[in-house]
Amino acid sequence: MSQEMRLWTMVLIGWILLIIVVCSFPWWVDAPQWGRVRWIPLLDVVRSPHWLLRDTVANCVLYIPLGFAYTRVRAAHGVTLLCEATIVGLLLSLSCELYQVFSPVRFPSMTDVLMNSIGAFAGASMGGRSAARLERMS
């Protein structure tokens, strides 16, 4: 494994850990709060104040580095790479939201899952283009 590949692998793992810490704080659990889950994506943004819109954008931006780093680690290209990165973002996001079901102070939302997946897709798209550009230059 090249030094660059090791670096991107460490970035990817580090970013996944950062996402887990940010999405799971504060660290205490209680009985599941299924009634607090916002099941319909984007409906909570339409009905809520502006801070929720900022939260939605932040969720997207948080996952862009994940998608970007994933493209630098994987050998796949094109649509396969975009799908893989999006699925990784989706699964990580679903895991975080499932944890939040057991948190008495967090509100799990399918909007978060959607925006996180879009962020991972966007990051993978940027990473794929930058990798292609680097290949053309060398």
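- One distance of note links CG of Leu62 with SG of Cys23; it measures 5.5 Å at 0.5 Å rounding.
- Val46 belongs to no hydrophobic cluster with other residues, because no ILVMFWY side-chain heavy atom falls under 4.5 Å from its own, directly or through intermediates.
- Contacts of Phe68 classified as ring pair (Phe, Tyr, Trp, His ring centres under 6.0 Å), with partners at least two apart in sequence or in another chain: Trp8.
- Residues Cys96 and Ile19 form a side-chain contact, since some pair of their non-hydrogen atoms from C-beta on lies under 4.5 Å apart.
- Taking the side chain to side chain contact (heavy atoms under 4.5 Å, CB included) definition, one finds that Leu18 meets it with Trp15, Val22, sequence neighbours left out.
- No continuous path of hydrophobic side-chain contacts links Leu82 to Val73 [ILVMFWY only; heavy atoms under 4.5 Å].
- Take Phe25 and apply the side chain to side chain contact (heavy atoms under 4.5 Å, CB included) test, not counting sequence neighbours, and it matches Trp27.
- Listed by first then second residue, pairs satisfying salt bridge (charged side-chain N to carboxylate O under 4.0 Å, His left out) with a partner in residues 66-77 read Glu4-Arg72, Arg74-Glu84, not counting sequence neighbours.
- Taking Ile, Leu, Val, Met, Phe, Trp and Tyr as members and joining any whose side-chain heavy atoms lie under 4.5 Å apart, directly or through other members, the hydrophobic cluster of Ile40 also contains Leu43.
- Grouped by direct or indirect side-chain proximity (heavy atoms under 4.5 Å, Ile/Leu/Val/Met/Phe/Trp/Tyr only), Leu17 sits with Ile13.
- Residues meeting the side-chain hydrogen bond (donor to acceptor under 3.5 Å, both in side chains) test with Trp34, sequence neighbours left out: none.
- Using a 4.5 Å cut-off on side-chain heavy atoms (C-beta onward), Tyr63 and Ser117 make no contact.
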For a side-chain contact (heavy atoms from CB on, under 4.5 Å) check, start with the C-alpha distance between Arg38 and Phe107, then their side-chain angles and the critical distance, and finish with the verdict. CA-CA 8 Å; Arg38 297 175 182 137; Phe107 292 90; 3.7 Å; yes
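- With rounding to the nearest 0.5 Å, the separation of CG in Leu94 from CD1 in Ile87 is 11.5 Å.
- Put simply, the side chain of Ser103 does not reach to within 4.5 Å of the side chain of Gln33, judged on heavy atoms.
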If you look only at distance, which donor and acceptor atoms sit under 3.5 Å apart when one is on a side chain in residues 118-127 and the other is two or more places apart or in another chain?
none

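- Pairs engaging residues 96-125 under the salt bridge (charged side-chain N to carboxylate O under 4.0 Å, His left out) rule: none recorded [sequence neighbours left out].
- A single hydrophobic cluster is seen to contain both Ile20 and Val11, as judged by linkage of ILVMFWY side chains at heavy-atom distances under 4.5 Å, directly or through other members.
- The heavy-atom pair separating Leu66 from Gly89 by the smallest distance is CD2-CA, 3.8 Å.
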Checking Leu92 against Asn116 for the side-chain contact (heavy atoms from CB on, under 4.5 Å) test, could you report, in this order, the C-alpha distance in whole Å, the side-chain angles of both residues, the deciding distance, and whether it holds? CA-CA 9 Å; Leu92 180 58; Asn116 295 340; over 6 Å; no
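- Evaluation of the side chain to side chain contact (heavy atoms under 4.5 Å, CB included) rule for Val57 yields Val61 as partners, not counting sequence neighbours.
- Linking Ile, Leu, Val, Met, Phe, Trp and Tyr residues whenever their side-chain heavy atoms come within less than 4.5 Å leaves Met10 and Met5 in two separate clusters.
- Side chains of Pro104 and Trp28 form a contact here, defined as non-hydrogen atoms less than 4.5 Å apart.
- Taking the side chain to side chain contact (heavy atoms under 4.5 Å, CB included) definition, one finds that Thr111 meets it with Pro41, Leu42, Asp44, Val45, Thr56, Ser109, Met115, sequence neighbours left out.
- Minimum interatomic distance between Thr71 and Gly128 (heavy atoms only, all atoms of both residues): OG1-N, 3.9 Å.
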